[in-house]
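A short worksheet on the structure shown next.
These numbers come from the heavy atoms of this one structure, side chains and all, not from hydrogens, waters or symmetry mates.
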Amino acid sequence: DIRMTQSPSTLSASVGDRVTVTCRASQSIGGWLAWYQQIPGKAPKLLIYQTSILESGVPPRFSGSGSGTDFSLTISSLRPQDVAVYYCQQYSTYSLLTFGGGTKVEL
Amino acid sequence: QLQLQESGPGLVEPSETLSLTCTVSGAYVSSKSYFWGWIRQSPGKGLEWIGTVCYSESTHYNPSLETRVTISVDTSKNQFSLRLSSVTAADMAIYYCARADSGAAGGYFNHWGQGVLVTVS
């Protein structure tokens, strides 16, 4: 199976900072990567799919990039409401979907 | 507006079978455009994909759970269900149902239920 490794596990930043979370796949997944945001006590919410396509309604300060095995999620200017855990998920094959371990973004 | 709602017992005894249902409104589980999945999250932990089912009742399961998991669709009730047998304390988690687009570019979950906590005790 494809393992997804996120780093860092926790990230501390200030309002207005540029924040980057990385996700590495154990083998190439092309561009089949999604990012989710999970606010404490809530269900995950899709932010980005196919590496860089923003889901409808997601603020443009969020962006995604990468290909193959290395991917990143960037928040261009951190807002207080962005405090959450962020997960990547590969979907290069329907038969085996896997999530990264998560990155907690805190102020 | 699409809504997914999980339901089922919040408490399951060890060695018993966990059974949850996801009721879908705003879309049809029989649609060829989507597949339906279960994801869980142990307390304080990350997300774990359990499995998915599509309209044809074709299923895919996480290999780590495959021997204990069954996911099925009930088109008459517009629901899909999860059964996990022989549960242990390690199966205590919030269980989410979710929808993904099918097709060559699908596989990410764009709609989620609110989740239901299942305790094993």
Practice task
Would you mind checking which part of B:Phe35 comes under 4.5 Å of any heavy atom in chain A, side chain (CB onward), backbone (N, CA, C, O), both or neither?
Solution key: side chain
Problem - Transitive ILVMFWY side-chain link A:Leu33 to A:Ile48, under 4.5 Å - result: yes
Practice task
Indicate, with yes or no, if A:Tyr86 and B:Trp112 share a hydrophobic cluster defined by side-chain heavy-atom contacts under 4.5 Å among Ile, Leu, Val, Met, Phe, Trp and Tyr.
Solution key: no
Practice task
Working to the nearest 0.5 Å, report the span between OG1 of A:Thr98 and CG of B:Leu47.
Solution key: 11.5 Å
Problem - Side chain, backbone, both or neither of A:Gln38 within contact of chain B (heavy atoms, under 4.5 Å) - result: side chain
Completion exercise
Distance col, row B:Phe109:CZ vs A:Phe99:CZ, nearest 0.5 angstrom, shows 5.5 Å
Exercise for the section: Let me know if A:Ser95 has heavy atoms under 4.5 Å from chain B in its side chain, its backbone, both or neither. Expected result: both
Handout entry: Side chain proximity check, A:Glu55 to B:Asn110, heavy atoms < 4.5 angstrom
Key = yes
Practice task
Please check if B:Val116 and B:Val87 belong to a single hydrophobic cluster, counting links between Ile, Leu, Val, Met, Phe, Trp and Tyr side chain heavy atoms closer than 4.5 Å.
Solution key: yes
Practice task
Using the rule that two of Ile, Leu, Val, Met, Phe, Trp, Tyr join whenever any of their side-chain heavy atoms come within less than 4.5 Å, decide whether B:Tyr34 and B:Leu2 are in one cluster.
Solution key: yes
Problem - B:Arg83 atom CZ: more than 12 heavy-atom contacts under 6.0 Å - result: no
Practice task
Answer with yes or no after comparing the ring centroid distance for A:Trp32 and B:Tyr108 against a 6.0 Å cut-off, counting only values under it.
Solution key: no
Practice task
Let me know if B:Thr59 has heavy atoms under 4.5 Å from chain A in its side chain, its backbone, both or neither.
Solution key: neither
Problem - Residues of residues 38-46 of chain B contacting chain A, heavy-atom criterion under 4.5 Å, by residue number - result: B:Ile39, B:Gln41, B:Lys45, B:Gly46
Handout entry: Residues of residues 77-85 of chain A near chain B, each having a heavy atom less than 4.5 Å away
Key = none
Handout entry: Single-linkage hydrophobic cluster, 4.5 Å side-chain cutoff, B:Leu65 and B:Leu82 together
Key = yes
Exercise for the section: Count the heavy atoms of every other residue, nucleotide or ligand shown that sit under 6.0 Å from CD of A:Glu106, and state whether that count exceeds 12. Expected result: yes
Exercise for the section: Kindly indicate whether the side chain of A:Asp1, heavy atoms from C-beta on, has any atom under 4.5 Å from the side chain of B:Pro63. Expected result: no
Completion exercise
Bottom line for A:Ala43: the part with an atom under 4.5 Å from chain B's heavy atoms is both
Practice task
For A:Arg24, look at atom CZ and say whether over 12 heavy atoms of other residues, nucleotides or ligands are found less than 6.0 Å away.
Solution key: no
Fill in the blank from the handout: Minimal heavy-atom distance between B:Trp49 and A:Leu96, with the atoms involved, is CZ3-CA, 3.7 Å
